[in-house]
Protein chains: 2
Amino acid sequence: MIQAIDRAAQILLKLQGSRHLGITELASAVGLPPSTVHGIVKSLSQHGLVAKESNGNRYMLGPALLKLSSVYLDSLDVRARSMRWTRELSRRSGLSTRLGVKLFNEVIIAHHDPRPDGSEQMLETGLVIPMHASAMGKVLLAYHPEDLDDLPSSLRSLTGDTITDLGILRTELHDVAEQGFATEHDEAILGESSVAVPVADQSGGVVAAIAVVLPSNEFPPQDSLLNDLRETGRNISRELGSSVWPPISSSGTLLLPPPPQSA
Amino acid sequence: MIQAIDRAAQILLKLQGSRHLGITELASAVGLPPSTVHGIVKSLSQHGLVAKESNGNRYMLGPALLKLSSVYLDSLDVRARSMRWTRELSRRSGLSTRLGVKLFNEVIIAHHDPRPDGSEQMLETGLVIPMHASAMGKVLLAYHPEDLDDLPSSLRSLTGDTITDLGILRTELHDVAEQGFATEHDEAILGESSVAVPVADQSGGVVAAIAVVLPSNEFPPQDSLLNDLRETGRNISRELGSSVWPPISSSGTLLLPPPPQSA
DNA sequence: CATAGCATTCGACAATGCCGAATGGCGTTC
DNA sequence: GAACGCCATTCGGCATTGTCGAATGCTATG
């Protein structure tokens with residue numbers, strides 16, 4: 001772990017949380033002397049990773065990040081392969097479709113096909129949702145149970161229906177791994193629910209999840225939707241070179257909640 | 001300039017150019033010993049800025065960049081203010097509209113409103129175009145002539161009509177600064193032309209450009225389109241607190257080509 | 001099964017970035 | 001309009017830090 005790079009990343013993260021910050025604010029936020037922070041910020045800004053506000057003397061994230069992320073998206077194999085399938089799924093279902101990959105404790109939306117009803121919808125690519133509050137996150141966790149250890153000790157509640165108990169989450173993930181799909185009902189945003197299935201690659205590992213978002217009053221999803229979704233997940237996985245679907249999960253015992261009387 | 005951060009940024013840049021690279025490839029690309037590169041890459045990957053390919057042992061850009069860039073876009077004031085105006089411009093003109101900001105020698109598209117004809121169009125946000133080959137770039141250069149010094153010594157030709165001579169570019173930029181708009185005719189992509197106007201902020205400085213893209217057979221644009229575009233630029237600039245529009249350019253002598261007989 | 005190429009780990013050296021203090025610029029207040 | 005105070009920025013000495021070469025381990029290939 002190289003110190004300077006670690007600190008630089010911390011600073012980017014702080015700017016991610018706070019939009020615009022001065023050197024002193026940043027310094028106290030990361031607990032370093034201002035001169036040190038200044039050096040790091042200056043280095044980052046030489047590469048366009050942070051930028052100084054046009055008028056004031058505060059800093060924000062820089063435009064180079066946009067280019068980097070654009071290339072990141074282009075280099076994501078699963079995204080390129082998914083797009084034609086998810087678009088078709090959106091068309092058939094009349095719903096919006098998302099492709100999500102893991103980013104630490106969150107799912108980040110790497111692609112989004114809007115509802116085909118022609119309404120103006122916001123660009124969701126780049127948005128993040130906590131793992132435990134999304135169907136895609138549940139899928140990713142169910143097939144990578146070791147990631148459960150990285151979850152924050154207390155699960156943040158986004159709505160009244162968010163799962164906040166790790167034991168309950170484990171139990172649900174166990175079912176997810178058995179059924180091959182996950183659902184989420186009003187757990188992230190009130191009125192919005194979703195269903196997700198895994199996407200596997202050549203190695204057989206789950207590398208992403210795709211989900212359809214449906215109004216909560218249409219929950220639970222009809223079998224036909226579920227089948228279309230499954231078919232889509234299977235098709236993408238096949239294009240990526242995965243031979244089996246749904247993927248085999250290493251779950252089993254890993255996902256079972258600890259015995260209730262445990263310390 | 002902190003060495004480690006500089007090197008880290010170089011590595012991100014190399015990955016930006018080459019998608020997937022192994023440690024040794026990266027090392028020779030940046031001219032450093034593999035062990036050094038490995039340390040940097042490892043540090044970057046801890047923060048999700050680079051990621052290891054799921055199967056092999058090559059590295060690519062990481063998902064954290066997507067989140068960072070998403071926040072970058074959200075924190076771009078000019079983008080938030082532009083969106084409603086550019087959408088309206090697209091609607092009225094039937095053409096696609098772009099918002100571009102400077103990133104070193106390129107313009108990066110920070111927002112894009114597609115043609116309203118309902119056809120499937122690619123997501124242009126994050127794409128970059130060389131300054132000298134785009135109308136937006138010409139606008140940005142015309143109002144920041146000092147940036148001319150950063151241009152590569154030889155201007156890359158993208159089509160037969162790309163301006164590759166710095167003297168000719170300077171002359172055109174002089175006109176751009178006087179007229180308050182720039183055009184580009186088949187200079188970046190054959191069959192595609194564009195017109196751009198500046199966007200100024202509170203300080204009166206030009207911080208972005210907006211452009212409409214039109215088929216080259218409709219070039220030059222009609223006056224009504226030009227007026228709509230100007231109106232849009234003025235409206236956005238006004239929302240950003242700019243009092244005058246078109247902005248005053250610091251150009252004058254700066255943009256005049258050097259005397260032809262100069263050494 | 002052997003080999004070659006690669007990623008990765010380790011440790012010693014010294015070059016590097018870190019920090020505290022000094023400077024400079026800017027906005028604000030009286 | 002002048003003086004104050006805040007904050008970004010610069011600078012230089014010290015020691016911590018990252019760097020690099022060599023050794024290891026892994027995987028894929030012939």
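Throughout, a chain's letter reflects where its sequence line sits, starting with A, and its residues are numbered from 1.
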Taking 4.0 Å as the cut-off, does a side-chain nitrogen or oxygen of [X] come that near to OP1 or OP2 on [N]?
X	N	result
A:H38	D:dA8	no
B:S35	D:dC20	no
A:K52	D:dC7	no
B:R7	D:dG18	no
A:Y59	D:dC7	no
A:K42	D:dA8	no

Interatomic distance, [X] [atom1] vs [N] [atom2] [rounded to whole Å]:
X	N	atom1	atom2	value
B:M1	D:dG18	CE	P	16 Å
A:Q3	D:dT16	CD	C1'	8 Å
A:I11	C:dC18	CD1	C1'	13 Å
A:I40	D:dT17	CD1	P	13 Å
A:D6	D:dT16	CG	P	19 Å
A:Q10	C:dC18	CD	P	12 Å
B:I23	D:dT27	CD1	P	16 Å

Walking DNA chain D from its 5' end, the first of B:N57 and B:T36 to be reached, judged by nearest nucleotide, is B:T36
Contacts of A:R58 and A:A4 projected onto DNA chain D by closest heavy atom; the upstream (5') one is A:R58
Given [options], identify the nucleotide with an atom nearest to the side chain of [X].
X	options	answer
A:I2	D:dT19, D:dT9, D:dC20	D:dT19
B:L32	D:dC7, D:dT19, D:dC20	D:dC20
B:P34	C:dT8, D:dA8, C:dG20	C:dT8

Spell out, as yes or no, whether a donor-acceptor pair under 3.5 Å connects the side chain of A:S242 to the backbone of A:S237. no
*asked:* If we ignore hydrogens and angles and just use 3.5 Å, is the side chain of A:H144 paired with the main-chain N or O of A:V206 as donor and acceptor?
replied: yes
Q.
Is any side-chain heavy atom of B:W85 closer than 4.5 Å to one of B:E239?
A. yes
Taken to the nearest 0.5 Å, the spacing of B:R98 CZ from B:L127 CG works out to 7.5 Å
Look at B:E25 together with B:K14 and state whether they make a salt bridge at an N to O cut-off of under 4.0 Å.
no
